[in-house]
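Structure record follows, encoded as structure tokens.
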Amino acid sequence: ADLPAIEKSGVLKVVTEDNYAPFNFITNGKPDGFNKDVLVELKKYTHKFKIKQSILPWTGLLAAVSSGQYDVAITGALITDDRLKALNFVAPLASAQDFYVKRAGDNRIKSVADLSGKTLGVQAGSALLARLPELVVMLAKTGGKLGKVVQYQSYPEAYADLANGRLDYVINAVISVNDVVKKHPNIFAKGQAVSGHGFVAWPVPKSSPKLLAFLDGFVKHLKDTGKLKELQLKWFGQAFDNLPDQPITNVEEFHRLAGI
Amino acid sequence: MDLNAWILLLEGAWTTLWISGVAIIIGVSAGLLIALIRQKKIPIIEQLLTLYISLVRSTPLITLVLFLFLSLPALGIHLEKHIAAILSLAINTAAFNAEIWRSAIRNFSKDQHEAAMSVGMTHWVFFRHIMLPQMIAVSLPPLVNEMSFLIKGSPAIAIIGIVDLTRVTNRISAVTYQPLYPILGAGLIYMIIVGVLVKLQYVAEKKAHRLAM
Amino acid sequence: MQQWSAIWGARDIYIDGFFTTVYLFVTSSILAFLLGCVFLYIHEGGKHLTNRLLMSFVSVMRTLPFLILAYLMYYGLPQVGIRFEAGTAGLLALWIYHGAYFFEIFRGQRIVMPKGLIEAAVAHGFRRHQVFIHIVLPYVTMSSLPLLGNQLIICLKDTAFLCIITVQEITAAANSVQATYFIPMKAFVVAIALYWIVGLGLEFGIRKMQLFSRKRGFMHV
Amino acid sequence: MSDDAAIRVVKLSKQFDGVEVLRDINLTVEKGEVVSILGSSGSGKSTLLRCMNWLEQPERGKIFLGHERIGVDEHTQHPMTNKQLSRIRERVGMVFQSFNLWPHLNVLQNVIVSLVYVKKMAKSDAHQLALRQLEKVGMLDKKDNYPITLSGGQKQRVAIARSLAMSPEVLLFDEPTSALDPERVGEVLAVMKQLSLEGYTMVVVTHEMEFARMVSDKVVFLEQGKLIEQSDPESFFNHPKSERVQQFLKTLGS
Amino acid sequence: MSDDAAIRVVKLSKQFDGVEVLRDINLTVEKGEVVSILGSSGSGKSTLLRCMNWLEQPERGKIFLGHERIGVDEHTQHPMTNKQLSRIRERVGMVFQSFNLWPHLNVLQNVIVSLVYVKKMAKSDAHQLALRQLEKVGMLDKKDNYPITLSGGQKQRVAIARSLAMSPEVLLFDEPTSALDPERVGEVLAVMKQLSLEGYTMVVVTHEMEFARMVSDKVVFLEQGKLIEQSDPESFFNHPKSERVQQFLKTLGS
Ligand SMILES: Nc1ncnc2c1ncn2[C@@H]1O[C@H](COP(=O)(O)OP(=O)(O)OP(=O)(O)O)[C@@H](O)[C@H]1O
Ligand SMILES: Nc1ncnc2c1ncn2[C@@H]1O[C@H](COP(=O)(O)OP(=O)(O)OP(=O)(O)O)[C@@H](O)[C@H]1O
Ligand SMILES: [Mg+2]
Ligand SMILES: [Mg+2]
């Protein structure tokens, strides 16, 4: 629903994930992560409505938002061309270039060129899957080609399979890559970038322009108060300073901002 | 696995149990209703019900869950995920329960109907006091059997994010990277739940035996 | 209309998914049938200890959800150093899970099989394995056709669980199509139709076989 | 035709799939009378009996229970509603060849259930009455048994008690002893004989010639749906008029 | 005791759950002889017959088929292996009261299957042989039928053909006509009589006194597991020695 309806009902229906560190994950049965802290801020930011949080698996999450079942997804969603056809995105909260992760000590892979023919794990229906063509182009430059691609319902399972050797590398957004490598330095190692720039942003249905503007205001508020930088440092280990300040609502804009 | 993991598993088991329980109650009654309606052989409704049963028979639960959860909103029906889960389990089990009830109705002895008529019972009294109790006794073993199938199929609801006994294992192993123990723990709890149902089925079979004339 | 063309554009995903499902279903059914037969043969041998083991195995399978077994095969076993491809793990899980159920069905029919048929074979000098192959097996198979049909349908439905362990079968195909194009309704209608086709084919086959066995006096309700 | 008749069957005809299985039957059963219906298999005995409480609907003819017509509302000339039929059937007891006890109820409950739900009797009264009827047929000691644990003869006695409890004006019996072991036949016939002495009006389809001869007031013979002889037992068995009955009695060797 | 015996039973005893159902049985069946075993129900007739092809294992005593001991390897004194037992059983045909035709095979296949898999005969030879045997019992025209479509008498004739095809040295019959309608008994007995004329060695448990009297060379009477009389039919039926047999014959009214 758009903002007026939300204010009338007094409830903002927010959907989050439970399986995508460091944005959303579960500690001892409770939601945790970057977006949990953001939600705390959002509650402080407005008193016009309550926030009702639902936790969904990634599968179907965006479809649920695009169909209006939820008002906004406060997740680590990435912007893609296909998604822009059905959703608008609030001003980005983090930059998201895609990187590969490999097993620590796997000496076969030293650079992107070595990925040729190796088995790759990505999440089904994800932005990373959508941006694989960029990797294909990179590999083609050195005469290589993409190996087998295995699609997972969520990333922890892909990491588990990377750890136990079923996969050779996993592609994920840089923040998640940093996170997993930081948590398990003896298991995983961060590789190089396999795509151009990208953005992490919250998707809102196309039919909610007022809500989009409201949330943009909230992001701006976070930036202005320095809270965003604090949270970025806390959860991502780095700050992203030159993020776009406006919402992204069409493909041309996205391509321009990402430099595709 | 620490105590915390076990607590999470038990919470998951509770979710599995209450969702399945509600689905069973709906499914058993809806099944009876469908069976009774099919007795009447109303032209178009009969074909629709046949189609429904045939479709549900070969549609996997996980497909049904995803279908209901993801596509009903497109029709403007907003489903809370627990409702979607209960609904899909119920839709699935009702089709099987309907067949169980139907065979109980079909095999019901005509003689008993005549005996009831000849002491002046009305159709309703006959159904309520003579037919239904026997149908329940005869159908209970297969119904309980279908209940254990429902429990065994219930992990399908995890895919839409319900933290049931199965999904808890992901949550635990997403932190520990040691999935084996939570899976075994969940398996054990499932075995206990279904094991109880199997025992129940056995008891119901003994009870139903009394009706064998 | 535009959505249907998106589905048409993704037809290769569906076709692959369909064949993966059919492959998993057919292969695992045949293997499970054979496993059920082998278990029955071992059970016929009547060694106390092996029978106890067999029965405990069967009751574990009968009380365990299929997905948990698939999880165990795919995510659990690597922890002890055994690693299968997703397809292999799924096939293995389908195989032993439904093998146990097939055995249970056969055993039920074996118990009610008239003793005289076996005695007649023994009296004619049949060896143990010959009695089993030529008399017991055809008998229990023909008399349990409706139950086998139900079990096969369950087996077909269980293949869908394998999408959770990354097998790209019909449900996974539908899911990836809907996640890319946001057309869940149509994506799953196609999936359900595909399952229905397999299910109808299966039921057709079972009915044909029932005709075959009914001619021989095996009564099915 | 006495005005005091318990049941009057007038010009009754009944078809099954176009085949006439009852033709122009006329029969009067007086109050307190015991009528035996004899005839070879397929002659229509059961059908006639079942018409008497409208379990079968005849095409032509009328049946009266006392002064009231069965099956058709005399005022409106419409078929009776289910409710009206129930009221009529309460007044006619029926005992079946296959007993038809309700297997999910014990002996006592089998008798009570129709008292409570059809006659709307208070539970405690129904209980008292049921015990009395079970005592009458000698089944009091088995009151808590389930039907499956009873012998055929015992089941039939319970079935009789179940019918008696409803205080019917007429009792219909359709071969009440044919499904019984020879040793069990006696116990059921003894109960039936007792009932006749107590003045119950009874119509009995039977193959027990001894019973027909000794207990009944009137014997009726059906042949291919026609009532071809009706007389008192003495003349029926000793001086049968029609050739068909003579032949029937001869093959029985009685 | 002739050395030419087809079957010799020596001091045979058999228990079920501690109860002795056969006690010290001695019996010799000469080649070409037809022996009838009589006795009341439960006297052990079937058990004795079933010991003869080791379907039951006796505790004590020996059984010889020609010169070879059944069930126990005379060299090693160990119980026979399954393989050895199969070889022996090939040589003993058995016909059961309940026919035990294999329902999933048609008449012809019922006869062929043991020829092909036990005797390892070529399919075409087995086919020829089976047709010959079916002709002998008059069932050639039903060769493609499934057992379910046959009458009891026809089933039993197929069962006999099935046993005959194995060219057994001895044929054992356990009440081959008891499960048949009276009209069907004759056709089976006729086949058996024919076999006796052809010189087959047969041991027959039967209640058909006519058959025992007319066809058999020897009649044996069992009572509570003991063999209490064995003689030629003439003296058995006309001058029975033991009181028990006299009584048995009297109740039969023969
Ligand atoms: N429901 C029915 N549908 C069609 N035909 C029926 C039906 N009930 C009875 N009939 C036929 O009506 C005729 C009379 O049957 P009925 O049962 O009254 O005979 P009966 O005298 O009671 O015979 P029996 O001594 O065998 O019980 C028979 O030819 C029977 O086949
Ligand atoms: N498998 C068994 N287990 C236990 N007791 C048995 C078994 N088979 C037979 N008996 C008992 O052994 C005794 C002899 O049985 P058997 O079948 O040999 O009698 P029979 O003379 O063939 O009787 P019938 O004429 O009724 O066939 C009976 O008391 C029977 O109850
Ligand atoms: Mg009748
Ligand atoms: Mg016997």
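Protein chains get the first letters and strands the later ones, always in sequence-line order, with residue 1 at the start of each.
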Neighbours of chain B found in [range] - heavy atoms under 4.5 Å:
| range | answer |
| --- | --- |
| residues 46-65 of chain D | D:Arg50, D:Asn53, D:Leu55 |
| residues 78-91 of chain D | D:Asn82, D:Ser86, D:Arg89, D:Glu90 |
| residues 162-169 of chain D | D:Arg162, D:Met166 |

Original post:
Say you draw a straight line from CG of D:Asn100 to OG of B:Ser118; how long is it, rounded to the nearest 0.5 Å?
Top reply: 8.0 Å

**OP:** Enter the distance from B:Thr122:OG1 to D:Tyr117:OH here, rounded to the nearest 0.5 Å.
**Re:** 12.0 Å

**OP:** Kindly indicate whether the side chain of D:Trp102, heavy atoms from C-beta on, has any atom under 4.5 Å from the side chain of B:Gln134.
**Re:** yes

Original post:
Side chains of B:Ile136 and D:His104: does their closest heavy-atom pair fall under 4.5 Å?
Top reply: no

Subject >> Exceeds 12 heavy-atom contacts within 6.0 angstrom, atom OH of B:Tyr202 >> reply: no

Original post:
Is B:Trp14 atom CH2 crowded by more than 12 heavy atoms from other residues, nucleotides or ligands, each under 6.0 Å away?
Top reply: no

Subject >> Verdict with reasoning, B:Met121 to D:Val113, per side chain to side chain contact (heavy atoms under 4.5 Å, CB included) >> reply: CA-CA 10 Å; B:Met121 285 190 188; D:Val113 66; 4.0 Å; yes

Original post:
Where is the tightest heavy-atom contact between B:Val119 and D:Ser114, given as atom of each residue plus distance?
Top reply: CG2-CB, 3.8 Å

**OP:** Please flag which part of B:Val125 lies under 4.5 Å from any non-hydrogen atom of chain D: side chain, backbone, both or neither.
**Re:** side chain

Original post:
Of all the residues in residues 37-65 of chain B, which have a heavy atom that comes within less than 4.5 Å of a heavy atom in chain D?
Top reply: none

Original post:
Tell me, side chain or backbone of D:Ser98 under 4.5 Å from chain B's heavy atoms, or both, or neither?
Top reply: side chain

**OP:** Sort D:Phe96 into side chain, backbone, both or neither according to what part of it lies under 4.5 angstrom from a heavy atom of chain B.
**Re:** side chain

